[in-house]
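Here is the structure we will look at, set down as structure tokens.
A note on names: the letters A, B, ... follow the listed sequences, proteins ahead of strands, and every chain is numbered from 1.
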Amino acid sequence: MKKLQIRDIFNQIADLLEIKGDNPFRIKAYRRAAQSVENLSSDVEELVREGKLEEIPGIGKDLAKKIKEIIETGNLKYFDDLMKKTPKAILEMMEIPGIGPKTAKALYDNFKPKNISQLEALARSHKISGIPGIKDKTEENILKGIELVKKGKERMNLGMAVSINSEFVRLLKDLPHVKNISTAGSLRRMKETIRDIDILVISRKPEEVMDAFVRAPMVKEILAHGSTKSSIRTLEGVQVDVRVVDEKSYGAALVYFTGSKEHNIHIRRLANQLGLKVNEYGVFENKTGKNIASRREEDVYSALGLDFIPPELREDTGEIECAKEGRLPNLVALKDIRGDLHVHSDWSDGMHPLKEMATLGKERGYEYLAICDHTQSLRVAGGLNEKELKEQIKEIRKINKNIKGFELLCGTEVDILSDGSLDIKDEVLKELDIVVASIHSGFKQSKDKLTGRVIKAMENKYTSIIAHPSGRLIGERAPYELDFDELFKVAKETNTVFEINAFPSRLDLNDTNIRNAKKYGVTLSIGTDTHIKDQLDAMALGVGMARRGWLEKGDLLNTLSLSSLKKKLKRKRQ
DNA sequence: GCCGTTTTCGGCCCGACTGTTTTCAGTCG
């Protein structure tokens, strides 16, 4: 991945220049360029060949030359030289929360620690307090920061973030003088992993809210406690930031606190060009200082000449340009979802009988639920063989006769075997309404082999959907190597659907792959992969991913009515 | 280092909190 290599080099150059005390705007230029390259939808190497690098925002003559050098030689002399001049320990120290470039450099100049352990020893023996700007408190904070680095600042998955967030929302909501409350930050943007939780509160008594927040029983440590902004760490080690604002600046504060940082910087730059200033209190005219928008998010965007941008899109990956031109997608919403296309029953490793699954689906207001139990080769999950699958079909049809306005679809999560063939014979697959195929073995095969396997599975006319396509488990297992561009081309040709698996540790496809799939004209579906009933709730996470992938209602299979869905599924078999 | 219907030079997002100061620099989001 050349893009990521360029991104990393540019970001590291920015760090190195920061240590040197270089021009801050030059540093920003490198960071901005790093992001620009990462978000590129086209191939960098192609842009080099076509001489179009300077068309990338934030890339000028100099950086274009540096990108060219990286592509052509695999490294960058300017970067290597900078690296040689900067002690590694300084970069390492900058990883510690609370230590920035200035402090790291001061520490190095005074004590020359070789690594973080040596710094820790110095701090423990109270040696670092006394140099200019550092006293006992800073020393203490450095030790705390080192603890955190040692633990590894893990990001939590969306599911966990949702539950911690709701605890705090419940607590804050019940306080007197709290008029409204909103989750912000990356959780509101539905990022697949969350580092900290941001909550915005409307109140005329900010101090009271702050006091109650830092005294909450879930709080282990107070990181900052100001009059309108406080941060704590929970018993689980999760950082939660709460910000209190007045009702009249709610919209502006919500935009600011939702981010992303890159999105905010972009809209503030845009504001500058219009002679305006944006902060968390509103949009202001530079000349008069007059507040022209602040109460609602819509007002803030509109004051900048933009359509309202849904939180899931606020990553500065083209949404601002689209909002300017009125070209934002009309994103799919949870209410558009008519059914779940991947659930298990107690016929394999699910918890609930078929009949109960039907009741659960109907209770949610769904029109259908696709029962997709595992197949024979997946023995650990009690996979079904052909005979059992045929029996299950009979059972499902029988149950369906007794329910109105809802249907269980006969499906399977059939294994894609190591040669790309399916674990169930076509003559049985033919009997099913829907065939979901996925890989559960041979993860470590080569990219070509794995890609070939999935292509072969898609070429089977009975394969409706490829489930959890990348196989990743967030924080546990890397995605397997697949050529997604190739896969999406074949998916389009063969009318095969790609799944957005909404299981919290999977979220697979991820946002960038979803957006890419859409570019190829591939249809997607959301399945929760439910084994126990509460997991059906994960549909909301799946919709979040879909929205982050810029999907509209028409891009998804399970926004179709039951009859349209059946028609669409039959089309591939003809 | 980038960028331009005010500019090819002089700008570059903006503010809260902390710890150290005695008016502010550093860090963070």
Legend entry - C1' gap between dG11(B) and dT18(B), integer Å: 30 Å
Inset, instruction - Could you check Phe25(A) against Ile131(A) and say which one's nearest nucleotide on DNA chain B is further toward the 5' end? - result: Phe25(A)
Legend entry - Inter-nucleotide C1' distance (dT7(B), dC2(B)), Å rounded: 14 Å
Legend entry - Rounded interatomic separation in angstrom, taking NE2 from His263(A) and C1' from dG29(B): 15 Å
Legend entry - Note: Lys179(A)-Glu247(A) ion pair, threshold 4.0 Å (strictly below): yes
Legend entry - Nearest-angstrom distance from the residue atom CE of Met93(A) to P of dG26(B): 16 Å
Inset, instruction - Look at Tyr281(A) and dC13(B) and indicate whether a side-chain polar atom (N or O) is within less than 4.0 Å of OP1 or OP2. - result: no
Inset, instruction - Remember a base hit wins even if backbone is also touched, and classify Lys66(A) as base, sugar-phosphate or nothing at under 4.0 Å, heavy atoms. - result: sugar-phosphate
Inset, instruction - Starting from C1' on dT18(B), measure out to CG on Asp136(A) and report it in whole angstrom. - result: 15 Å
Legend entry - Length of the line joining Asp198(A):CG and dC28(B):P, which is rounded to integer Å: 16 Å
Inset, instruction - Tell whether Asn141(A) reaches the base of dG19(B) with its side chain through a donor-acceptor pair below 3.5 angstrom. - result: no
Inset, instruction - Classify the nucleic acid contact of His225(A) as base, sugar-phosphate or nothing, counting any heavy atom under 4.0 Å across all strands shown. - result: sugar-phosphate
Inset, instruction - For Ile142(A) and dT27(B), give me the distance from atom CD1 to atom C1', rounded to whole Å. - result: 12 Å
Legend entry - Same-atom distance (P) from dT20(B) to dC28(B), integer angstrom: 15 Å
Inset, instruction - Give Ile27(A) one of three labels, base, sugar-phosphate or nothing, depending on what nucleic acid heavy atoms sit under 4.0 Å from its own. - result: nothing
Legend entry - Residue pair Tyr281(A) / Asp246(A), side-chain donor-acceptor N/O under 3.5 Å: no
Inset, instruction - Go through dT20(B), dG26(B), dG1(B) for me and flag the one nearest to the Ala29(A) side chain. - result: dG1(B)
Legend entry - Euclidean distance, atom CZ of residue Arg269(A) to atom C1' of dC13(B) [Å, nearest integer]: 9 Å
Legend entry - side-chain N/O Ser260(A) vs dG29(B) OP1/OP2, d < 4.0 Å: no
Inset, instruction - Kindly say if Lys28(A) contacts the phosphate of dC13(B), meaning a side-chain N or O under 4.0 Å from OP1 or OP2. - result: yes
Inset, instruction - Look at Lys277(A) and dG15(B) and indicate whether a side-chain polar atom (N or O) is within less than 4.0 Å of OP1 or OP2. - result: yes
Inset, instruction - Return no unless some side-chain N or O of Asn264(A) is found under 4.0 Å from OP1 or OP2 of dC14(B). - result: no
Legend entry - Minimum-distance nucleotide (side-chain atoms of Lys137(A) versus dG29(B), dC2(B), dG19(B)): dG19(B)
Inset, instruction - Heavy atoms only: give me the nearest Lys229(A)-Met210(A) pair and the separation to one decimal. - result: N-SD, 3.5 Å
Inset, instruction - Using a 4.0 Å heavy-atom cut-off across all strands, classify Arg26(A) as base, sugar-phosphate, or nothing. - result: base
Legend entry - Ser231(A) side-chain N/O to dC28(B) phosphate OP1/OP2 under 4.0 Å: no
Inset, instruction - Describe the nucleic acid contact of Ser230(A) in one word from base, sugar-phosphate, nothing, applying a heavy-atom distance below 4.0 Å. - result: nothing
Legend entry - Pair Glu192(A) + Arg472(A): basic N to acidic O under 4.0 Å: yes
Inset, instruction - Answer syn or anti for dT21(B), where the cut-off is 90° from 0 on the glycosidic torsion. - result: anti
Legend entry - Salt bridge flag under 4.0 Å for residues Arg170(A) and Asp174(A): no
Inset, instruction - In whole angstrom, give the distance that lies between atom CZ of Arg188(A) and atom P of dG29(B). - result: 20 Å
Inset, instruction - Indicate, with a heavy-atom threshold strictly under 4.0 Å, whether Pro101(A) touches base, sugar-phosphate, or nothing. - result: sugar-phosphate
Inset, instruction - Could you check how far CG of Leu270(A) sits from P of dT5(B), rounded to whole Å? - result: 12 Å
Inset, instruction - Establish, with yes or no, whether the OP1 or OP2 oxygen of dC14(B) is under 4.0 angstrom from a side-chain nitrogen or oxygen of Asn272(A). - result: yes
Legend entry - Cationic N near anionic O, under 4.0 Å, Glu69(A) to Lys65(A): no
Inset, instruction - Name the residue closer to the 5' end of DNA chain B, choosing between Asp196(A) and Val278(A) according to the nucleotide with the nearest heavy atom. - result: Val278(A)
Legend entry - N-O pairing of Glu315(A) and Lys191(A) below 4.0 Å: no
Inset, instruction - Ignoring backbone atoms, establish whether Asn279(A) has a side-chain N or O less than 4.0 Å from OP1 or OP2 of dG15(B). - result: yes
Inset, instruction - Indicate whether OP1 or OP2 belonging to dG29(B) is found under 4.0 Å from a side-chain N or O atom of Lys229(A). - result: no
Inset, instruction - Would you classify Ile265(A) as touching base, sugar-phosphate or nothing, given that sugar-phosphate means primed atoms plus P, OP1 and OP2, and contacts are heavy atoms under 4.0 Å? - result: base
Legend entry - Partner nucleotide, any strand, of dC28(B) [Watson-Crick/G-U, under 3.5 Å]: dG15(B)
Inset, instruction - Remember a base hit wins even if backbone is also touched, and classify Tyr256(A) as base, sugar-phosphate or nothing at under 4.0 Å, heavy atoms. - result: base
Legend entry - Residues Asp80(A), Lys84(A): salt bridge by 4.0 Å N-O rule: no
Legend entry - Atom P, compared across dT21(B) and dG26(B): separation rounded to whole Å: 13 Å
Legend entry - Sugar-phosphate only, base, or nothing, as touched by Glu280(A) at under 4.0 Å among non-hydrogen atoms: sugar-phosphate
Inset, instruction - Please determine, for the side chain of Gln239(A), which listed nucleotide (dC17(B), dT27(B), dG29(B)) has the closest atom? - result: dG29(B)
Inset, instruction - Output yes when Asp15(A) and Arg31(A) qualify as a salt bridge under the 4.0 Å nitrogen-oxygen rule, no when they do not. - result: yes
Legend entry - Thr138(A) side-chain N/O to dT18(B) phosphate OP1/OP2 under 4.0 Å: no
Legend entry - Between dT22(B) and dC12(B) - P atom distance, rounded Å: 30 Å
Inset, instruction - Taking atom C1' in both dG1(B) and dT5(B), compute the distance separating them and give it to the nearest angstrom. - result: 24 Å
